[in-house]
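Working notes, structure below.
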Number of protein chains: 2
Amino acid sequence: MDNQDIRKAGLKVTHPRIKILELLENSSQRHVSAEDVYKMLLDNGEEIGLATVYRVLTQFETAGLVTRHNFEGGHAVFELDRGGHHDHMVCVVCGKVEEFIDPTIEKRQREIAKSHGFEMVDHSLIIYGHCSNPKCSVG
Amino acid sequence: MDNQDIRKAGLKVTHPRIKILELLENSSQRHVSAEDVYKMLLDNGEEIGLATVYRVLTQFETAGLVTRHNFEGGHAVFELDRGGHHDHMVCVVCGKVEEFIDPTIEKRQREIAKSHGFEMVDHSLIIYGHCSNPKCSVG
DNA sequence: AATGATGATGAGAATCTTTTTCATTACAAG
DNA sequence: CTTGTAATGAAAAAGATTCTCATCATCATT
């Protein structure tokens, strides 16, 4: 992931784009909202407008560099595409997100789509539950 | 599904709640946004405020009468819970939604959650693709 | 059937997320 | 280095949802 990825996407290599891509690569949180990105950039002394953050994230999504997720909560979160596709498991108490991939499910999805006359282009699987943290488990 | 369901949820049986529940039962669209509900009620001559529609849908969700889905598009859609759980397949071109249920996937999900130390309470699986309508297919 | 406590409603304001507008600035090809 | 075009920032706008608060309806009790 470097500036060539931006160029290959047909986008000019600008300061905001470079910084946003860097941030997505280095962030400890894998799933960040546009607001998160904006604030983290501010913390790093980068004065990049929120509108630009939204624009760039959307462009990165179109270019296949990041994936947008519509989890619960009324706002989208973005995640850098590090090659492999995966699904998500979200703790409904603490919000912790774990990633997983299961070949059985991947395979069944394609079969099911086909049997309904759909050609699958993407999918989203989110398991909601209580994570292993004692604070999050049910009584 | 009748007024007793509203009462059982600990809610008063009011005119807006009755009409919203009726509408969800009789609507030809299974997945409707709050705005959709508001407009359909207006078409039926029911002057129910948009804020009330949001409040009631949220209460119905809490009561387990309806399910809220965060598909793409920046707004939530609601669906009457007709007993059985199911997953969704959404056409990325025309927006058509089909429902399905697959025991293999259901079973694997529980196993995967458990293997990550999660106790699954819910899940959301959405397959995006091109539906069989010629206008929606690729190529 | 009347009463009264409490919950529910409607209208609009407020909030939050995201997109658009537009004047200014920066990239990148020649 | 010039210049066309794309990109940016700021603010406004748009869209979705929630909140506030005065008024009204429901329901358990008279």
Whole-Å gap separating [atom2] ([N]) and [atom1] ([X]):
X: B:L57; N: D:dA16; atom1: CG; atom2: P; result: 14 Å
X: A:L41; N: D:dG9; atom1: CG; atom2: C1'; result: 14 Å
X: B:H75; N: D:dA14; atom1: NE2; atom2: C1'; result: 15 Å
X: A:E72; N: C:dT17; atom1: CD; atom2: P; result: 16 Å
X: A:N3; N: D:dA7; atom1: CG; atom2: P; result: 15 Å
X: B:Y38; N: D:dT17; atom1: OH; atom2: C1'; result: 14 Å
X: A:L42; N: D:dA10; atom1: CG; atom2: C1'; result: 14 Å
X: B:L50; N: C:dA8; atom1: CG; atom2: P; result: 18 Å

Please tell me if A:R17 has a side-chain N or O lying less than 4.0 Å from either OP1 or OP2 of C:dC27. no
Check the phosphate of C:dT18 against A:Y54, side-chain N and O only, distance under 4.0 Å to OP1 or OP2. Yes or no? yes
Under 4.0 Å protein heavy-atom contact, by nucleotide of nucleotides 22-30 of chain D - B base, S sugar-phosphate only: ----BS---
For nucleotides 11-16 of chain C, 5' to 3', base contacts (B), sugar-phosphate-only contacts (S) and non-contacts (-) with protein non-hydrogen atoms under 4.0 Å give BB----
Ring centres under 6.0 angstrom apart (A:F118, A:H116): no
Taking the six-membered ring for Trp and the single ring otherwise, decide whether the centroids of A:H69 and A:F78 are under 6.0 Å apart. no
Between A:V32 and A:L24, which heavy-atom pair has the shortest distance, and what is it? CG2-CD2, 3.7 Å
Closest non-hydrogen atom pair between B:I127 and A:H123, with its separation: CA-CB, 4.0 Å
Any heavy-atom pair between the side chains of A:V92 and A:H130 that's under 4.5 Å? yes
Side chains of A:M89 and A:E99, heavy atoms from C-beta outward: is any pair under 4.5 Å? no
Taking the side chain from [X] and the backbone from [Y], do they hold a donor-acceptor pair closer than 3.5 Å?
X: A:R108; Y: B:T104; value: no
X: B:S27; Y: B:L23; value: no
X: B:H31; Y: B:Q29; value: no

